[in-house]
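Worksheet: one structure, shown below.
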Amino acid sequence: MRKLKQTIGKILIVILLIISYQKVINYIEKENIPQKTTIEENQNLNNYPFQIHFIDVGEADCILINNNNQYALIDAGNNEDGNKLVTYFKSIGIEKFQYVIGTHAHEDHIGGMDNIIRNFEIMHFYMPKVEVNMKTYQEIREELKKKNILYETPKIDSTFTLSNTTIKVLSIGDDKEDINSTSIVLKVTYQNTNYLLMADATNDVEQKILNKNIKSDLIKIGHHGSNHSSSATFLNKVKPKYAIISVGTPNDYGFPKKVTLDKLERIGANILRTDELGTIIASSDGNNIYFNYLKTDTNYIEK
Ligand SMILES: [Zn+2]
């Protein structure tokens with residue numbers, strides 16, 4: 001009888017422990033729902049010496065970094081966007097790029113690159129070491145040769161400097177069978193602010209860089225919001241306040257995928273999309289990030 005009482009007592013204690021444990025977990029989970037940061041607007045575009053432009057090129061990528069009027073260009077939209085991008089960059093006074101980076105050999109990233117090479121002075125040109133039998137890619141090689149610009153392939157963990165900004169290569173691949181996975185992934189640091197630019201990197205790339213210092217205030221999410229990028233584990237480590245999606249809708253792939261948008265919502269990230277906002281400009285004083293949106297004529301639309 002005594003034994004039975006003891007056993008019942010033990011069982012009751014275990015049940016009580018389970019209930020209180022669950023209560024604590026619920027409490028922690030409630031407390032951990034991240035609060036969204038308010039999006040603050042930059043009152044005057046010339047206020048800050050550091051800016052990243054996520055240029056509206058439809059279903060494609062084109063990112064411009066400006067620090068103290070030194071410029072880096074990451075991707076150059078679709079083929080048809082090339083001339084429009086040249087006009088846009090000239091209109092904001094750009095003559096020279098310190099760095100031009102083609103993240104990987106897909107048309108929606110390097111389409112307008114031949115126009116860029118023809119029209120601007122370029123100090124360094126970077127792309128993955130994957131030879132592709134594609135007209136757009138071959139045009140780039142030809143234009144570079146004509147202007148005596150080297151085709152350079154940066155190494156993983158190498159860094160380069162743009163005025164007071166550091167740009168670090170977190171990933172670059174060479175698998176010809178999976179061009180998206182060759183994407184040059186960059187972490188940009190300006191004083192106390194960090195920006196992670198994923199190009200079209202896929203889940204396996206995210207897995208490879210998971211243990212690096214990837215925490216960032218802003219992420220340009222991988223592959224236009226595809227469900228093969230932006231894993232929950234990865235996003236939880238990046239913990240971005242702002243998630244940029246470079247996308248043109250409608251598109252053949254249904255990007256950005258709802259599952260990706262849901263994951264971004266769950267981590268409390270503010271989602272900013274080029275199809276909704278046009279060109280998105282993030283400016284920083286080194287501690288905070290401010291935003292502007294411009295309806296730029298940089299996305300070629302057939303009339
Ligand atoms: Zn792409």
Side-chain angles (χ1 to χ4, degrees), residues 52-65 72-82 84-85 100-116 126-128 130 132-137 139-140 169-186 188 195-206 209 218-231 234-235 243-261 263-264 271-280 296 298-301:
I52 301 191
H53 302 223
F54 298 91
I55 298 167
D56 174 23
V57 280
E59 181 52 32
D61 269 24
C62 182
I63 301 167
L64 173 75
I65 307 176
L73 179 69
I74 298 146
D75 290 335
N78 289 301
N79 264 316
E80 298 84 358
D81 304 325
K84 287 182 170 282
L85 287 172
V100 171
I101 298 159
T103 59
H104 63 295
H106 276 159
E107 193 267 334
D108 60 323
H109 293 254
I110 57 164
M113 206 58 103
D114 52 333
N115 304 71
I116 300 294
Y126 296 137
M127 259 193 87
V130 183
V132 184
N133 190 13
M134 177 175 87
K135 192 167 165 272
T136 311
Y137 179 80
E139 279 168 356
I140 289 175
V169 177
L170 294 190
S171 180
I172 180 170
D174 55 11
D175 181 359
K176 226 181 157 172
E177 304 304 313
D178 184 7
I179 295 290
N180 283 335
S181 79
T182 69
S183 283
I184 300 179
V185 174
L186 299 167
V188 178
Y195 311 79
L196 191 58
L197 309 178
M198 294 302 294
D200 280 0
T202 40
N203 287 331
D204 53 328
V205 173
E206 294 172 358
I209 63 171
L218 179 153
I219 183 173
K220 195 295 293 182
I221 69 160
H223 203 192
H224 322 280
S226 156
N227 48 327
H228 299 296
S229 303
S230 304
S231 74
F234 177 72
L235 291 178
I244 309 283
I245 310 179
S246 193
V247 69
T249 47
N251 57 66
D252 296 344
Y253 320 97
F255 295 158
K257 294 285 188 187
K258 190 179 176 298
V259 57
T260 306
L261 297 173
K263 276 187 237 169
L264 291 169
I271 300 169
L272 302 137
R273 303 166 49 162
T274 56
D275 63 326
E276 293 176 351
L277 300 163
T279 291
I280 299 162
T296 54
T298 44
N299 178 17
Y300 178 89
I301 297 164

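The structure displayed is predicted, hence computed values, not measured ones. Numbering of ligands and ligand atoms starts at 1, following listing order.
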*Do you know which two heavy atoms are closest between E59 and H224, and how far apart they sit?*
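Looks like OE2-CG, 3.4 Å.
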
*salt bridge (Lys or Arg N to Asp or Glu O under 4.0 Å) pairs, two or more places apart, involving residues 100-114*: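 Qualifying pairs: D114-R118.
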
*Verify whether the ring centers belonging to H223 and H228 lie closer than 6.0 Å.*
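For H223 and H228, the ring centres are not under 6.0 Å apart.
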
_Test side chain to side chain donor-acceptor pair (under 3.5 Å) applied to T296 - qualifying residues, sequence neighbours left out_ =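 With sequence neighbours excluded, T296 shows a side chain to side chain donor-acceptor pair (under 3.5 Å) to T279, T298, given in chain and number order.
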
_Just to verify, what does K84 make a side chain to side chain donor-acceptor pair (under 3.5 Å) with, not counting sequence neighbours?_
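In terms of side chain to side chain donor-acceptor pair (under 3.5 Å), with neighbours along the sequence ignored, K84 is linked to D297.
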
_Pair D200-H104, side-chain donor/acceptor within less than 3.5 Å_ =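 Indeed, the side chains of D200 and H104 share at least one donor-acceptor pair under 3.5 Å.
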
*By residue and atom, what protein N/O/S atoms are less than 2.8 Å from the Zn ion (ligand 1)?*
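Those protein N, O or S atoms (cut-off: under 2.8 Å from the Zn ion (ligand 1)) are D108 OD2, H109 NE2, D200 OD2, H224 NE2.
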
